[in-house]
Structures are given as structure tokens and as C-alpha cells.
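To start, the structure itself, in C-alpha cells.
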Amino acid sequence: MIQDLVIYVIFIGYAISVLMGFGTILTWVERKQAAVMADRIGANRAYLRIPFTQVKLVWLGLFHGMADGLKMLLKEDWRPQTYDWYAYAVAPWVVFTPVLLVFAVVPFGGILIPGELFPSLADWFGEKSYPMQIARLDAGLLIVFAFGGMTIIGAMLAGWASSNKFSMLGALRAGSQMISYELIMGLTLLGLILVYGTFDLNEMVQHQSGVVLGFLPAWGVVYQPFAATLFLAAAIAENKRIPFDLPEAESELISGYFTEYSAMKMGLFMFAEFIEIAIIAALFTTLFLGGYNLPYMTDAGFQFPDGSTIIMSHGAVVVTQLAVFLVKVFIICSFQILIRWTLPRFRYDQVLRFAWKFMLPLALINLTVTAVVLWALQ
Amino acid sequence: MSKYAAKAYRRKAYWNEPEMGWWERAYLFEIIRGLFITSRVFVVNMVKWMIGRKGALTTYYPEETRWDYAAGNRGKHILTRRPDGRPQCIACNMCATVCPAKVIEIDAAFDPTDPVHPKYPARFEIDYSRCVFCGLCVEACPEDAIRMLKEVPDLPAGDRDTMWITKEELLNWNPRSDVAKPYPAAGDAPQSRGSH
């Protein structure tokens, strides 16, 4: 019992530090990647001076994230004269918390057997094994949608409670846009659920370590390429980033639904956005890119399509899986940033038309074809 | 029929109306093309960084100087030095007089140990919040004592009171003693200077 507690506290600590780390690093990655894409250098002036020396650590501007955090903490925490200050104060947390909670069902590694990993703890742990995932739920994917949908409430609360017309407009846009794209996210994943026959994300990852057509890794992106594209587009729209950043639209709405937020409350909105990039990447990795496994890899080692196998020790498997998951997530994060700095913003009518007249029919066609093919194969 | 009856709305036709074929209307292909362009720039610049070339057009200021930085730029002032390190300036106030912005302030003092030029500047300060960088002070100087160098280091300041540059900084931030009018050695001063 106490062993379970220790293991899950470690898992939760790992998950939170990964998310916070990604949120911090991504601010730097976004700046630097955008700069390199635009023939610029990017932020590189913030430094840490080692006390009592003149040694200044610049590290390619990595400390600009810390400078941002410090700035947001020290800024004036301005409050608008709103009639609903409670909703105003609670809105950033309503946006921020569900974003973190989504990660609870995402598996970031395979099966962990602590007794085998640390022989000195073998007596205490015995033969117990844990999937590296905070909550292994049969309804994992439903939890993702349940918590993902809650961020709409936060955006609407923020816009409504700010008593500002621009915030209100931004909140209305956020609401309509996020509800539209939530639908498409759900529809694209229905095809995947038909293929895998489960809602459990860990089981989905294990399905993907096989082989399809003799040589291709059985990743979701091989089974469902259209669904993968549509899911990524809908997820970026859900995150309200360019090209779908109509709720913020600084040229029209100042800053949209969080216009009236200052200091760390605004920082929470921004941080939630950056963590959501990592969450989207983690979900995309888990659902479409084989999760924490390399191609042809299972919890026992590699099993190549030509029949040869490589047996790996448990420790090597655990470390590989943790690292592979992080690398995949980072690559998808970088791809999202590439999209954000490439595409111009949609017009507002185009966003909704894109959702309902372009992506929704495609998602429905994808679902129909998947269902028919699966029925024909049975 | 009223004169002000609403006309049927007709969308304005622009001279540069975009003509999109089915390829552009499909949207996805053009997105992929755009992503290829930006990622190509990204990869090329990253490779340049890795092999030691700068993958950006930006000039690091003030660590780097642009190749086309004007050679005749009138930047921050210096006071030239005599061989013994004292200022070449004789506190004649000509630069302060000619200065159109009236930013130079000189307090002259008397030095009995220097019979050739007993006047020297006890205080020589320039207010950079008002200086117009015209260079008239340099032209007016009879002793080649004040010069303007090409560089402009550390001029920005948080408030205008801290933008005064003192004599010590003028003498020391980029010390020069190659004056066109050398200070005579104390012994032969009357001969070399001539008499009036």
C-alpha cells in the first residue's frame, strides 16, 4: 500500500515537473525557433551573474523565461472594477488546472517493476509492477475530453467577469470556436477508437508496437493519416494559437478574453497555453506516434519484422521509454511552433466555416470509411 | 420611390483580386508548401550556426560593428592627454562658446607649476542628453584637446541627470596622447613656443 503511494507520488512529481519544464522551455524554444526561421537571433540578453564574480551566464538566452516570470510576479496586480470579482479571480485557475489534469491519463512509459529496477528494494516492492501513468483508467480518452472541455469555461468566465467589451467579444469567439473544434477532435478520434477497440491510452500504445503490412510500425498515423492531420489542426484551434487565435486577436481585440488580466494572472493564461502545447503533443504522440515506444519496440525489447529480436534489460527499457516519449513530445511541440510562425490568421467567419464546412465533413468521411473497412475485414 | 432607397450591396472588386485555382482553394497543399519554406530557412540557419557562421542578418550591438558603419561618424567625446597623462586642454572655453546646444561646462583652475599653460580644466563635463553631435567643439579647439571618436559606447541612461560625462571618463574611456600639437617639455617651452 505504502509502496503504491511512494510510486504514485514519484509519478505525479515527474509529470508536474515535465509539464512545468516544457512550459518554461517552450517559451524559449518559441522565441528562438521563430527567430531562426526569420533570419534573426532571438532573445539573448538576459543573464545570470554568478555572485561575487563578473561571470555572466547567458546560455543562448535561456534565462529570459526566468526574467519573464520575475517580471510577471513583480508587476502591479491591477484589478478592474468588476461586479463579479470572484469569477474574475478564479478564471485563470479554471483555465490552468484542467490543462494539468489531462496529463494524468497520458502514459509516459511502459510497465515499471521497481523490484527489478532497484534490487535493494526488491524485498519491499516484491513482484509489484506499475504502468508509468498517473491514473490508468478504462475511460482515459473520455477524461481527456472532459478536462479539455473545461478550459472553455475558464475562457468564458474570464471574458464575462472582466466587464470589458473586448473581453466579452473574445470570450464569445473562444466559446464558439472551441466548441466547434472540440466536436471535430472527438470525431477524428472515434475512428482511432474503432481501430484499437479501447479508450485506455496505455492499451492504445501497446497496440501500436506491432507491425502492419509486414514492415510499417503499427502507429496510429499509419492507420489514420487523415485523422492525425485533422486532430492536430483541431487541437491547435482548441489551444487558440495562430492561425486560430481569434479569441485573442491582438489587432482587433487588444488581448481578447484576458485583456483585463495583469501580472501573474495573465502569466497563468500564457503558461496554460504553453503547457497545452505540450499536452497536445503528448496526446498526439500517444494516439498517433506509438507513445513511449520506438518502432518495433515492446516492454521486452525490440522485435523486428524480419523475426530478429533484441532483449533489453528492464532498466534500459524504462530509460529508453521515458526519453523517447520526451523526444517525441518535443518534436511535435516544435512542429506546432513551426505552424504558428508560418501561417497567417484566419478571418473569424473563415475559422467557423473551416470547422463546420471543411473539417467536419472530412472527419465524418474518415469515420465512415474506417467503420466500413473494419466491417469488411471482420 | 425614395431617392434614398437602399441600393443592392455589391462587393467591391479590387484591382489585385487574388485568383485562386483549385490548388490554392484546397488550402492544405499551400500550407504544406509554406511549412516547407519556413522549415527550410530554419534548417539552413541552424546548419550555419553549427558550422560557426551566423545564421542571421542581425548585428550584435555594441559588441559588433557593421562593415558599413560610417568612418566619419561623430560619436562620444574624448579629451586627449599630454605625455604625463594630464589633459591637453587649456580651459580656453572655445568649445563651450561655440557649442550650439551649450552642453559643455568647464571650470578653469590655475596651476603655478606649469608656466606654459597655467590654466587647466578642474571640471570638464558634457551633458549628453542635449549634445547634438555637430562636432563644432572639435573644430574650435586650438589645442587638439577634444575629439569625437567613431564609437558611441554606454550613452543610454535611465534618467537625464546621469547623462553627464565627467572629465575622468573623457580622459580614460579611450585614452589618446597622439596630439597634433605636442605639449612642449618644460625646459624649452619659451623657445619653441616663440614670443608674442
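Excluded from the calculations below are hydrogen atoms, water molecules and symmetry mates; all remaining heavy atoms, backbone and side chain alike, are included. A, B, ... follow the sequence lines: proteins, then strands. Residue 1 opens every chain.
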Would you compute the distance between atom [atom1] of [X] and atom [atom2] of [Y] and round it to the nearest 0.5 angstrom?
| X | Y | atom1 | atom2 | answer |
| --- | --- | --- | --- | --- |
| B/I31 | A/I339 | CD1 | CD1 | 7.5 Å |
| B/T38 | A/M37 | OG1 | CE | 4.0 Å |
| B/L28 | A/F358 | CG | CZ | 6.5 Å |
| B/L35 | A/L338 | CG | CG | 5.0 Å |
| B/N45 | A/R40 | CG | CZ | 11.0 Å |
| A/K32 | B/F42 | NZ | CZ | 11.5 Å |

Within a radius of less than 6.0 Å around [atom1] of [X], do more than 12 heavy atoms belonging to other residues, nucleotides or ligands occur?
| X | atom1 | value |
| --- | --- | --- |
| A/F346 | CZ | yes |
| A/K75 | NZ | no |
| B/R160 | CZ | no |
| A/Y348 | OH | yes |
| A/R45 | CZ | yes |

**Asked** Using non-hydrogen atoms only, which part of A/I41 is less than 4.5 Å away from chain B: side chain, backbone, both, or neither?
**Response**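 When you check distances to chain B, atoms from both the backbone and side chain of A/I41 fall under 4.5 Å.
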Side-chain polar contacts of residues 222-229 of chain A - donor-acceptor pairs under 3.5 angstrom, sequence neighbours left out - could you list them?
{"unit_1": "A/Q224", "atom_1": "OE1", "unit_2": "A/N366", "atom_2": "ND2", "d": "3.2"}
{"unit_1": "A/Q224", "atom_1": "NE2", "unit_2": "A/T370", "atom_2": "OG1", "d": "3.0"}
{"unit_1": "A/T229", "atom_1": "OG1", "unit_2": "A/P225", "atom_2": "O", "d": "2.9"}

